[in-house]
Each structure stands twice: as structure tokens, then as C-alpha cells.
Amino acid sequence: MDKESYGLSDKQLAELDTVFASDSFSGKRVVISGGGSGIGKAAAWLLARLGAKVLICGRSYEKLMAAIKPMQEMGLDVGCKTLDIRNPEKVQTFFDEIMDELGGLDVLINNAGGQFPQPAIDFSPNGWRAVIDNNLNGTWFMMQAAAQRWRDAEKPGNIINIVTVIDRGMPDIAHTCAARAGVIYTSKTVAVEWAQYGIRVNCIAPGIIASEGMRVYPQEAVDEFPRSNPMQRFGSSWDIAQACAYLGGDASQFMTGEVMTLDGGGRLWGELWPYKKPDYFKPS
Ligand SMILES: CCC/C=C/C(=O)SCCNC(=O)CCNC(=O)[C@H](O)C(C)(C)COP(=O)([O-])OP(=O)([O-])OC[C@H]1O[C@@H](n2cnc3c(N)ncnc32)[C@H](O)[C@@H]1OP(=O)([O-])[O-]
Ligand SMILES: NC(=O)C1=CN([C@@H]2O[C@H](COP(=O)(O)OP(=O)(O)OC[C@H]3O[C@@H](n4cnc5c(N)ncnc54)[C@H](OP(=O)(O)O)[C@@H]3O)[C@@H](O)[C@H]2O)C=CC1
């Protein structure tokens with residue numbers, strides 16, 4: 001399949017079935033970074049359909065507006081704001097504004113992120129820095145800014161960080177493995193530090209998901225991706241959105257500091273080369 005055609009349509013996102021009760025997020029305020037496309041957009045649709053007031057953010061205003069229009073047309077309570085999560089001052093201003101506009105915050109989904117595939121030996125210093133900045137530093141600025149406000153207001157909070165499956169590393173995206181390992185172990189640590197404030201922190205590790213994010217990878221790599229797990233297929237952004245509904249809701253209230261993996265068993269079987277598998281590793 002052409003990598004340009006990956007991703008769920010707005011019609012699908014409006015109609016896909018969910019196991020969650022239609023009012024299960026009623027009264028909850030949710031912020032989703034990178035909500036203008038892919039997994040973040042699917043989570044925005046689902047949580048808004050379940051009754052949440054949702055605000056998405058990302059770097060491109062046009063992309064955000066295009067994402068929220070069909071949701072608003074369905075009567076869902078969704079808004080947007082531009083934000084580059086790598087800028088700590090802008091992140092602080094963003095939280096000041098949204099706490100005011102939403103009247104507080106219940107769930108933060110740190111989904112914005114990504115990387116480019118390249119053999120690690122060829123990373124430029126700036127390429128390495130860009131990926132660490134986007135995934136580790138940006139996610140941290142968001143987590144800390146939210147937690148400070150929850151602590152100061154003496155309100156509970158809930159953070160979900162979208163990472164990747166890093167158990168065996170991943171050839172061609174070593175920079176993201178480094179960044180996501182940082183996010184996972186920061187999350188485990190602050191899950192303990194922040195339990196006293198009623199703040200939960202969990203991660204979701206998606207395997208290969210058929211989202212718009214696939215456009216970043218060469219077609220030949222994308223064609224191979226389904227063979228990286230024993231189910232031999234892609235997961236859907238909706239799978240990850242439903243995991244967000246579980247972790248963001250009351251059913252998971254005793255869960256913190258965990259990583260929920262949804263990868264079709266890929267962690268246990270198969271291999272993934274997001275760039276191009278070198279001949280040396282191919283079966284003779
Ligand atoms: C498959 C496994 C599972 C995971 C799937 C997913 O995550 S799906 C989700 C997928 N979705 C996403 O990934 C979306 C988000 N991703 C992004 O926005 C970008 O990938 C980003 C993280 C680099 C940030 O962007 P930015 O605007 O900050 O970056 P910039 O343009 O300013 O460049 C900074 C440095 O990086 C260098 N460089 C960049 N590309 C390449 C390349 N292909 N090759 C080599 N190098 C590259 C660039 O040359 C420069 O270094 P230089 O030349 O100065 O030494
Ligand atoms: N699809 C997959 O197979 C997997 C995805 N993931 C992770 O899931 C998350 C979502 O990916 P997916 O939906 O597939 O791909 P997308 O590329 O569609 O989503 C990434 C989103 O993040 C936003 N974003 C990126 N950088 C920033 C930034 N600095 N500040 C604010 N927003 C930013 C982008 O919007 P904009 O460019 O407008 O800012 C975009 O909407 C990412 O973290 C990705 O790495 C993890 C494992 C597998």
C-alpha cells in the first residue's frame with residue numbers, strides 16, 4: 001500500500017466502535033500534543049466522542065484547524081493551539097492559557113514526537129539533538145509544566161506519554177530509542193515522586209501503527225513493517241486511542257509508572273529496520 005494513504009479518515013474516526021461508555025469522559029479536560037494527525041488525532045476524536053473537552057496542539061496551525069473542523073461539525077468540544085513543545089517558555093505560556101480557558105486539566109497526552117530513519121553512524125550532531133529535543137526535552141517540559149500546576153492547585157492529574165517499543169533497540173532510529181528510554185525512566189521516577197500529589201504517569205509503546213507518520217519512512221521499509229510482528233500486520237491509531245481512554249480514565253486508577261505495549265507481539269518476535277536492512281543482515 002502507498003505510504004501516503006496510511007491513516008484513518010475523519011468518517012472512520014467519527015464512526016469506529018469503542019468499548020468505552022459514551023459518557024465515560026464527561027466533565028474531563030484533556031490536552032493532546034501532536035493532535036493534528038495520526039495517533040493524536042484519533043485520541044482526540046475518541047475522547048471527545050466520550051464526552052471530554054479536548055484541546056490539541058502542534059506546530060502547524062493549518063493542520064490543527066483541519067483536524068478540529070470535522071470534530072466541531074459533529075458537535076464535539078474540541079479546540080486547538082499552536083505550540084512547539086521544544087520551547088520551555090512557550091510551554092509555560094501554553095499551560096497558563098489553557099488552565100484558564102479549560103478551567104483546569106485532567107489528562108495530558110504527550111503524543112507529539114517522531115524522528116527520521118538513518119544509520120546511527122551517520123547522524124549529524126544537529127540531527128541527534130533535534131530528535132532528543134523533540135521527544136525527550138519537549139515531553140519533559142510538558143510533563144513538568146502540567147505537574148507544577150496540578151501540585152499548586154492541589155488537584156490530581158494524569159499523564160500519558162506515547163513512546164516506542166525500545167526493548168531491543170531499533171536499528172536506524174537510535175536517537176529516538178535514547179529519547180524514549182529517557183521518557184520511560186523519567187516517567188517511572190516521577191510516578192513515584194508525584195504520587196503524593198495524586199498525579200499518575202504512564203507510557204504507551206505502540207508498535208507499527210498505520211498512521212500518517214508512515215510518510216517519514218521509505219516505501220520499501222513500510223512494505224516490510226507488517227512482517228515485524230507475529231500478527232503480520234499494522235496496528236491502528238484507534239488501538240492506541242483506546243489505550244489512551246483506558247489509561248486516561250478511572251478503570252486504570254491504581255496504575256502508575258507502567259509502559260503499556262501494543263505491538264502485535266513484535267517485542268517478542270521479528271525485527272524492524274525503518275531505513276533499509278543492510279545486505280549483511282539478510283538471509284543468504
Ligand atoms: C518505525 C518505527 C516506529 C516509529 C514510528 C513513528 O514514530 S511514526 C511518526 C513519524 N512522525 C514524525 O517523525 C514527525 C515528527 N518528526 C520531525 O519533525 C523531524 O523528524 C525531526 C524530529 C527531525 C524534527 O524536525 P526539525 O524541523 O527540528 O528538524 P530540522 O529539519 O531542523 O533538522 C534538524 C536536523 O535533523 C536532520 N534531519 C532531518 N531529517 C533527516 C533525515 N531524513 N535524514 C538525515 N537527517 C535528517 C537535519 O538535516 C538537521 O541536521 P543538520 O542538517 O542541521 O545537521
Ligand atoms: N506510527 C507509528 O508506527 C508509531 C508512532 N509512534 C509515536 O507516536 C506519536 C504519534 O505519531 P503518529 O501519529 O504516528 O505520527 P504523526 O507524524 O502523524 O504525528 C506526530 C505529531 O506530532 C506533532 N509534532 C511533532 N513535533 C512537534 C513539536 N516539536 N511540537 C508540537 N508538535 C509536534 C506533529 O505535528 P506538527 O508537525 O504540525 O507539529 C504531528 O501532528 C509520535 O511520538 C510517534 O513517534 C511510536 C511508535 C510507532
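As the structure lists them, so they are numbered: ligands from 1, and atoms in each ligand from 1. Computation of the quantities below employed the complete heavy-atom set of this structure, encompassing side-chain atoms and omitting hydrogens, waters and symmetry-equivalent molecules.
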Checklist entry - Near Lys282 NZ, under 6.0 Å, is it more than 12 heavy atoms from other residues, nucleotides or ligands? => result yes
Checklist entry - Phe123 vs Trp128 aromatic rings, parallel, tilted or perpendicular, using cut-offs 30° and 60°? => result tilted
Checklist entry - Hey, is Met214 touching ligand 2 through its side chain, its backbone, both or neither, going by heavy atoms under 4.0 Å? => result side chain
Checklist entry - Taking the side chain as C-beta and beyond, is there a heavy-atom pair between Asn161 and Met143 under 4.5 Å? => result yes
Checklist outcome for this item: For atom 11 (O) of ligand 2, the closest protein heavy atom turns out to be Ile39 CD1, 4.2 Å
Checklist entry - By number and element, which atoms of ligand 1 are closer than 4.0 Å to a non-hydrogen atom of Ala130? => result 34 (C)
Next on the checklist: Ignoring hydrogens, what is the shortest heavy-atom contact between Ser33 and Ile85? Give both atom names and the distance.
Outcome noted: CB-CG2, 4.3 Å
Next on the checklist: Could you check whether any heavy atom of Gly113 sits closer than 4.0 Å to an atom of ligand 1, since that is the contact criterion I want to use?
Outcome noted: yes
Next on the checklist: Taking 4.0 angstrom as the limit and counting only heavy atoms of Gly34, give me the atoms of ligand 2 inside it, by number and element.
Outcome noted: 21 (C), 22 (O), 23 (C), 41 (O)
Item to check | Pair Asp106 + Arg29: basic N to acidic O under 4.0 Å | outcome: yes
Next on the checklist: Starting from atom 1 (C) of ligand 1, what is the nearest protein heavy atom, named by residue and atom, and what distance separates them?
Outcome noted: Tyr217 CZ, 3.7 Å
Next on the checklist: Which residue and atom name correspond to the protein heavy atom nearest atom 12 (P) of ligand 2, and how close is it?
Outcome noted: Ser211 OG, 3.5 Å
Item to check | Closest protein heavy atom (residue, atom, distance) for atom 3 (C) of ligand 1 | outcome: Ile208 CD1, 4.3 Å
Checklist entry - Side chains of Thr18 and Gln242: do they bring a donor and an acceptor to under 3.5 Å? => result yes
Checklist outcome for this item: For Ser124, the atoms of ligand 1 under 4.0 Å from one of its heavy atoms are 51 (O), 52 (P), 55 (O)
Next on the checklist: Between ligand 2 and Ile209, is the shortest N or O to N or O distance under 3.5 Å?
Outcome noted: yes
Checklist entry - Nearest protein heavy atom to atom 32 (O) of ligand 1: under 4.0 Å? => result no
Next on the checklist: Below a 4.0 angstrom heavy-atom separation, can you tell me which part of Ala112, side chain or backbone, both or neither, approaches ligand 2?
Outcome noted: both
Item to check | Heavy atom of the protein closest to atom 36 (O) of ligand 1 (residue, atom name, distance) | outcome: Gly127 CA, 3.3 Å
Next on the checklist: For the 3.5 Å polar cut-off, considering only N or O atoms, please tell me whether Thr164 and ligand 2 meet it.
Outcome noted: no
Checklist entry - Short list, please: which atoms of ligand 1 are under 4.0 Å from a heavy atom of Ile173? => result 2 (C)
Next on the checklist: Tell me the contacting part of Phe123 for ligand 1: side chain, backbone, both, or neither, using a 4.0 Å heavy-atom threshold, strictly below.
Outcome noted: neither
Checklist entry - Between Arg180 and ligand 2, is there a nitrogen or oxygen pair with a distance under 3.5 Å? => result yes
Item to check | ligand 1 N/O within reach of Arg59 N/O, cut-off under 3.5 Å | outcome: yes
Checklist entry - Quick one: do the Gln196 and Arg151 side chains pair a donor with an acceptor below 3.5 Å? => result no
Next on the checklist: Quick check on atom 28 (O) of ligand 1 - does any protein heavy atom sit closer than 4.0 Å to it?
Outcome noted: yes
Item to check | Shared hydrophobic cluster for Tyr61 and Ile68 (ILVMFWY, side-chain gaps under 4.5 Å) | outcome: yes
Item to check | Met170 near ligand 1 by a heavy-atom separation under 4.0 Å | outcome: yes
Checklist entry - Is the closest N or O pair between Asn126 and ligand 1 shorter than 3.5 Å? => result yes
Checklist entry - atom 30 (N) of ligand 2: which protein heavy atom is closest, and how many Å away? => result Ile85 N, 3.1 Å
Checklist outcome for this item: the protein heavy atom lying closest to atom 25 (C) of ligand 2 turns out to be Arg59 NH2, 3.3 Å
Checklist entry - Heavy atoms only: which of Gly114, Gly207, Pro274 is nearest to atom 12 (C) of ligand 1? => result Gly114
Checklist entry - Quick one: nearest non-hydrogen protein atom to atom 43 (O) of ligand 2, plus distance? => result Asn111 O, 2.9 Å
Item to check | Protein non-hydrogen atom found under 4.0 Å from atom 53 (O) of ligand 1 | outcome: no
Next on the checklist: Quick test: of every protein heavy atom, which one is nearest to atom 21 (C) of ligand 1, and how far off is it to 0.1 Å?
Outcome noted: Asn134 ND2, 4.5 Å
Item to check | Close-contact set for ligand 2 against Leu83 heavy atoms, below 4.0 Å | outcome: 30 (N), 31 (C)
Item to check | Asn134, portion touching ligand 2 at heavy-atom distance under 4.0 Å | outcome: side chain
Item to check | Those atoms of ligand 1 less than 4.0 Å from some heavy atom in Gly213 | outcome: 8 (S), 9 (C), 10 (C)
Next on the checklist: Side chain or backbone, does Gly58 bring an N or O within less than 3.5 Å of an N or O on ligand 2?
Outcome noted: no
Item to check | Atoms in ligand 2 with a heavy atom of Lys63 nearer than 4.0 Å | outcome: 34 (C), 35 (O), 36 (P), 37 (O), 38 (O), 40 (C), 41 (O)
Next on the checklist: If only side-chain N and O atoms count, and only distance matters, is there a donor-acceptor pair under 3.5 Å linking Gln92 with Arg149?
Outcome noted: yes
Checklist entry - Does Arg86 have a heavy atom less than 4.0 Å from any atom of ligand 1? => result yes
Item to check | Nearest-contact summary for atom 39 (C) of ligand 1 - protein heavy atom, Å | outcome: Phe116 CD2, 3.5 Å
Next on the checklist: What protein heavy atom lies closest to atom 20 (C) of ligand 2? Include the residue and the distance to one decimal.
Outcome noted: Gly113 O, 3.6 Å
Checklist entry - Judging by distance only, is a nitrogen or oxygen of Gln115 under 3.5 angstrom from one on ligand 1? => result yes
Next on the checklist: Can you confirm if the aromatic rings of Phe20 and Tyr246 lie within a centre distance of less than 6.0 Å?
Outcome noted: no
Next on the checklist: Below 4.0 Å, non-hydrogen atoms only: which portion of Val216 touches ligand 2? Side chain, backbone, both or neither.
Outcome noted: neither
Checklist entry - Measuring from the heavy atoms of Ser33, does anything fall under 4.0 Å of ligand 2? => result no
Item to check | Identity of the nearest option to atom 4 (C) of ligand 2, non-hydrogen atoms only, from Gly213, Gly138, Gly207 | outcome: Gly207
Item to check | Flag if over 12 foreign heavy atoms under 6.0 Å of NZ, Lys155 | outcome: no
Next on the checklist: More than 12 heavy atoms of other residues, nucleotides or ligands under 6.0 Å from CE of Met255: yes or no?
Outcome noted: yes
Next on the checklist: One residue to check: Val163. Relative to ligand 2, which of side chain, backbone, both or neither has a non-hydrogen atom less than 4.0 Å away?
Outcome noted: backbone
Checklist outcome for this item: min-distance protein heavy atom vs atom 40 (C) of ligand 2 -> Ser37 OG, 3.3 Å
Next on the checklist: Would Ile208 count as a polar contact of ligand 2, with the cut-off being nitrogen or oxygen pairs under 3.5 Å?
Outcome noted: no
Checklist outcome for this item: Residue pairs meeting salt bridge (Lys or Arg N to Asp or Glu O under 4.0 Å), one or both in residues 166-175, sequence neighbours left out, come to Asp167-Arg267
Checklist entry - Within the distance-only criterion (no hydrogens, no angle test), does the side chain of Lys3 pair as donor or acceptor with the backbone N or O of Tyr217 below 3.5 angstrom? => result yes
Next on the checklist: Please check whether Ser60 reaches ligand 2 - meaning an N/O of the residue sits under 3.5 Å from an N/O of the ligand, judged on distance alone.
Outcome noted: yes
Next on the checklist: Please tell me whether Gln219 and Asp223 have a donor and an acceptor in their side chains that are separated by less than 3.5 angstrom.
Outcome noted: yes
Next on the checklist: I need the atoms of ligand 1 closer than 4.0 Å to a non-hydrogen atom of Val216, numbered in the order shown.
Outcome noted: 10 (C), 11 (N), 12 (C), 13 (O)
Item to check | Side chains of Val31 and Leu102 in contact at under 4.5 Å (non-hydrogen atoms) | outcome: yes
Next on the checklist: Among all protein heavy atoms in this structure, tell me which lies nearest to atom 8 (O) of ligand 2, with the distance rounded to 0.1 Å.
Outcome noted: Ile162 CG2, 3.5 Å
Checklist entry - Closer than 4.0 angstrom: is that true for some heavy atom of Val165 and an atom of ligand 2? => result no
